[in-house]
Structures are given as C-alpha cells and as structure tokens.
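Working notes, structure below.
First the proteins, then the strands, lettered A, B, ... as listed; each starts at 1.
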Amino acid sequence: DAGVTQSPTHLIKTRGQHVTLRCSPISGHKSVSWYQQVLGQGPQFIFQYYEKEERGRGNFPDRFSARQFPNYSSELNVNALLLGDSALYLCASSGNSNQPQHFGDGTRLSIL
Amino acid sequence: EDQVTQSPEALRLQEGESSSLNCSYTVSGLRGLFWYRQDPGKGPEFLFTLYSAGEEKEKERLKATLTKKESFLHITAPKPEDSATYLCAVQALDSGGGADGLTFGKGTHLIIQP
C-alpha cells in the first residue's frame, strides 16, 4: 500500500509570494495533520483536519491556512512568505485518534 | 504547555555498544507517547506508541519503556544501519478542541560506527 505522498518535493520561492503544498493520505485514513520542521528541530504542529473539518491549530500566524477535500487529501497554503518560513513541511495521516500518525517525506521549502 | 526534552542531543557509538536515549516530558494528561526514526531527507518513521507507565514495546534491537515522567529508547548491540535521528513526541488527552497534534522533542542524532 502507498504511504503518505506529498508534492512537490522541493520548492523555491521569494519573500512575499504564496505557496500551496499538497498531501495524499494513506488509503482509508481520514485525519491529516501538517507540521513544520526547521533544520535541527523536531516537527511543530500546524493544523489537523478530520473528515474535512479543522480539529486543531498550532501556534502559527493567519498566513497559514489549510483545507481537506472529500477524498481526504489536503492542501497547506502559506501567504506573504517570510525568510523564516524556510523549512521541511510534513504531512501525517491516521485512521483515528487511537492510531499513530504516519508521515510523508515532506516538501522542502526554501525562501530567497 | 506540553514539553518534550530529549537527551543527549547527539550520541556516537561503536557497533555492538548498547546504550539508551532519554525523553523527558510534561503534559497535562498523556494520551500517548510516540517514538519515531528520521533519516536525512526523509519524514519520521513510526516505531512505537506507549500509553501508560510501566508499558514496554520491542522491535528488533530497540526497546521503549515509559514512566510517568520519561521514556527510554534502549538500543541493544546496534548496527550502522541504526544510525538516524530518533524523535520522541507526546499527544495530550485534551489538546483543546479535540486536536491530535503531537508535541515533539528536538531529537537525538545517533551515529553507529562500524
């Protein structure tokens, strides 16, 4: 079975631009979470969606937004990019709250 | 606020030299503690979930244990392919609004030399 897939794998943007990252969860998983991982740090929680509804949000500004589609895939949008947004963006999926989250290999975002 | 502290930050071992990684945590109520392995350029790979103090889980050369304040990842007779960053994360019982977001530590970078 395919794992969590994310696209694109790498992306280079300039300050002030907008970016959309995509995630397809493991088949049958209805929960998708997004994390930001800065070099040398652990992942930091951004959003969780379950059954197309936002269930939680971490300590990130309103420039970050997300949505989940009827097929449970998800998009993470970031507006007005800053240099500090350069990071690995990870998507994780799980079947429900009692199951572990499984991660994709992420999108490496570089801001120039 | 949930917190996870991992030590040491980095560890270099000889092949076959057993050791332990530490994960200290504070959380309002623990739903689960998770161990992940992360290779360079990859996403975290799930290893174990622990739910209550006294619980232990094993997989090949790895064994995870849990107390009320910390978890240990014991590595027995490691091989070079065990080299990776090991991440510990906690999930709170009540994250407010029902979110299942994980709080991660910074990880332990483990190098096993042949």
B/L87 versus chain A, the contacting section by heavy-atom distance below 4.5 Å
side chain
By a 4.5 Å heavy-atom criterion (distance strictly below it), what part of B/Q38 contacts chain A: side chain, backbone, both, or neither?
side chain
Has [X] got more than 12 heavy atoms of other residues, nucleotides or ligands less than 6.0 Å from its [atom1]?
| X | atom1 | value |
| --- | --- | --- |
| B/E81 | CD | yes |
| A/R63 | CZ | yes |
| A/K52 | NZ | yes |
| A/L39 | CG | no |
| A/N59 | CG | no |
| B/E9 | CD | no |

Would you give the length of the straight line joining atom OH of B/Y36 to atom CZ of A/F103, rounded to the nearest 0.5 angstrom?
5.0 Å
Which distance, rounded to the nearest 0.5 Å, do you find between the CG of A/L90 and the NZ of B/K42?
12.5 Å
Contacting region of [X] [heavy-atom separation from chain B under 4.5 Å]:
| X | result |
| --- | --- |
| A/Q37 | side chain |
| A/I46 | neither |
| A/Y49 | neither |

Answer yes if [X] and [Y] sit in the same cluster of Ile, Leu, Val, Met, Phe, Trp and Tyr residues linked by side chain heavy atoms under 4.5 Å apart, and no otherwise.
| X | Y | value |
| --- | --- | --- |
| B/Y25 | B/L50 | yes |
| B/W35 | A/F45 | no |
| A/F60 | A/Y35 | no |
| A/F64 | B/L102 | no |
| A/L88 | A/L109 | no |

Shorter than 4.5 Å, heavy atoms on both sides: which option in A/P43, A/S31, A/G58 has the most such pairs with chain B?
A/P43
Pick from A/S94, A/G106, A/P100: which one has the most heavy-atom pairs with chain B under 4.5 Å?
A/P100
With a strict 4.5 Å heavy-atom criterion, list every residue of residues 57-64 of chain B that contacts chain A, or say none.
none
Looking at side-chain heavy atoms only, is the closest gap between B/F46 and A/Q99 below 4.5 Å?
no
